[in-house]
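In each ligand, atom 1 is the first atom listed, and ligand 1 is the first ligand listed.
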Amino acid sequence: MKQQLLSGRRQGWLVGVAAIVSIAVFSLQARQAAPDPQAAVTAAFNKYKGLKEGKNADYIPALAKVNPDLFGIVLYTADGKVYTAGDVTTEVSIQSISKVFTMAQVINEQGPESIEKRIGVDATGMRFNSIIAVEFAQKVLGGPEINPLVNPGAITATSMVTGGTSDAVWAKIIGFHNDFAGRQLKVLQDVYKSESDSNQRNQAIGMLMYAYEFIKSNPQQATDLYTRQCSIGVNAKDLATMAATLAAGGTNPVTGKKVLDQSKVPGVLAVMATAGLYDDSGKWLYHTGLPAKSGVGGGIIAVSPGKFGIAVVSPPLDDAGNSVRAQRSITDISNALGGNPYVSKPR
Ligand code: DON
C-alpha cells in the first residue's frame with residue numbers, strides 16, 4: 001500500500017517534470033519562430049526599391065511633379081512599437097486616404113446608420129470618380145448604394161460634417177486627422193491649388209449629389225472642403241500612426257488619445273475592406289485579408305486589427321490608381337507577420 005502510494009507520487013512528479021520541460025521547449029520554439037517585424041519591413045524595402053512599374057497620377061498636375069523614387073515603409077504595432085525603412089518623413093498629399101477619416105468622423109458623431117442611410121456601404125465596382133456609379137445606384141438600385149470611399153460618397157460625407165461655417169467644418173476635419181496622426185498636419189497649398197484648378201469633374205459630382213439630395217446644401221463648399229482634405233500633407237509615419245489607431249480600437253497608440261469610439265471601428269474597417277482599393281478591392285482582400293485605403297498621392301494604409309497598422313508611400317500607381325510598391329510591400333510584410341485576420345488554425 002505504502003509502496004503503491006510512493007510509486008504513485010513518483011509518477012506524478014515525473015509527469016510534472018515532463019510537463020514543465022515540454023512547456024519550456026514549446027515556448028523556446030515559439031520564441032525562435034516569432035517573426036521579426038523589422039526584418040520583414042527591411043526585406044520588402046530592399047526587394048521593391050528598384051521596382052519601376054506604375055506612373056505618378058497626373059490628372060492633378062502637382063502630383064506629376066512628386067519624386068517617383070520616394071519610398072518609405074512604416075509599421076506601428078497596436079501597442080506603439082515602430083519599424084521603418086526608407087524615407088518616412090517626406091510629405092505627400094493624403095488624397096483619398098482622408099476619406100476614411102472623414103467617414104469615421106461622421107460615424108463617430110452621427111452613428112453608423114447615418115452613413116449607411118445617406119450614402120450606402122456597398123462597393124460600386126467602378127472607378128473612384130465614376131458618375132455612372134451614381135446614376136446606376138439612383139436609377140437601377142434605387143437609392144444609397146455607393147460608399148464614402150469613392151468621390152461621390154466622400155464629397156457627401158464631407159458635407160455631413162456639422163459646423164456653422166466653412167472654417168468651423170474645416171477645423172473639425174483637420175482636427176480629427178491631427179488626432180489620428182498624433183501631430184498638427186497642414187495642407188500642401190500647391191496641391192490644393194492645383195486640384196482646385198483642375199477638379200471640374202468633382203464639382204460636377206458634388207452638384208449631381210446635390211441634385212439627387214444626397215448633399216443637402218452648399219455643394220460647392222462640400223467639394224472645396226473635400227479638395228482641401230485631400231491636400232493634407234502626410235508622411236509614411238503619419239499614415240502608419242493613423243492606421244495603427246484603427247488597429248488599436250480607435251485609441252492612438254503613440255499619444256494614448258482616444259480618437260474614435262471603439263464600437264465604431266469595425267464599421268470603418270468593413271468599408272475599407274470592401275472598397276478601399278476601388279475596383280481592385282476584391283483582389284487586394286483575396287491576397288491580404290487587410291482593410292486598407294489608397295490615395296493617388298502614392299500612399300496606402302492597411303490595418304491588421306489588434307496587431308498593427310502599416311503605411312507605405314510610393315507615388316507610381318497602377319491602372320486602378322493604387323501605389324504599386326505599396327501594394328507589394330504591404331502584402332509581403334503582412335503575410336510574413338501573420339497579419340491576415342481571416343487566417344485560422346484547425347483545432
Ligand atoms: O478627388 C480626387 O480625384 C482626388 N482628390 C482623390 C482621388 C484618390 O486619391 C483616389 N485614390 N486612389
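The shortest contact between atom 12 (N) of ligand 1 and any protein heavy atom is with Tyr278 CE1, 2.8 Å.
Nearest heavy atoms, Tyr59 versus Ser198: O-OG, 3.9 Å.
Hydrophobic cluster membership differs between Met272 and Leu285, with clusters built from Ile, Leu, Val, Met, Phe, Trp and Tyr side chains linked at under 4.5 angstrom. Residues Ile155 and Leu208 fall within the same hydrophobic cluster, defined by Ile, Leu, Val, Met, Phe, Trp and Tyr side chains chained together at heavy-atom separations under 4.5 Å.
The atoms of ligand 1 that sit less than 4.0 Å from any heavy atom of Phe128 are 3 (O), 7 (C), 10 (C). Atoms of ligand 1 lying under 4.0 Å from any heavy atom of Glu195, numbered from 1 in the order shown and given with element: 1 (O), 2 (C), 4 (C), 5 (N). Each of the following atoms of ligand 1 lies closer than 4.0 Å to a heavy atom of Gly321: 12 (N). Distances below 4.0 Å separate heavy atoms of Tyr59 from the following atoms of ligand 1: 2 (C), 3 (O), 4 (C), 6 (C), 7 (C). Numbered from 1 in the order shown, with element, the atoms of ligand 1 that lie under 4.0 Å from a heavy atom of Cys230 read 5 (N). Each of the atoms 4 (C), 5 (N), 6 (C), 9 (O) of ligand 1 lies under 4.0 Å from some heavy atom of Gln95. Residue contact check: Tyr226 has heavy atoms under 4.0 Å from atoms 1 (O), 2 (C), 4 (C), 5 (N), 6 (C) of ligand 1.
Within the 3.5 Å criterion, the main-chain N or O of Ile146 finds no donor-acceptor partner in the side chain of Asp122.
Taking the side chain as every heavy atom from C-beta outward, Thr102 and Phe176 never approach each other to under 4.5 Å. Looking at heavy atoms from C-beta onward, Lys99 lies in side-chain contact with Asn151 at the 4.5 angstrom threshold.
Judged by the shortest distance from any of its heavy atoms, Asn151 lies inside the 4.0 Å radius around the atoms of ligand 1.
With Asn56 as the fixed residue, the side-chain contact (heavy atoms from CB on, under 4.5 Å) test singles out one of Leu63, Val66, Leu317, Asn67: Val66.
With 3.5 Å as the limit, one finds a donor-acceptor pair spanning the side chains of Asn199 and Gln203.
Closest heavy-atom approach to atom 7 (C) of ligand 1 within the set Ala154, Ser96, Gly299: this belongs to Ser96.
Residue contacts with ligand 1 for Asn202 involve side-chain atoms from C-beta outward but no N, CA, C or O (heavy atoms, distance under 4.0 Å).
Among the atoms of Val296, some N or O lies under 3.5 angstrom from an N or O of ligand 1. Remark: ligand 1 and Lys293 share no N or O pair separated by less than 3.5 Å (distance only, no angle test).
Salt-bridge formation is detected for the pair Arg228/Asp224: a Lys NZ or Arg NE/NH1/NH2 atom is positioned less than 4.0 Å from an Asp or Glu carboxylate oxygen.
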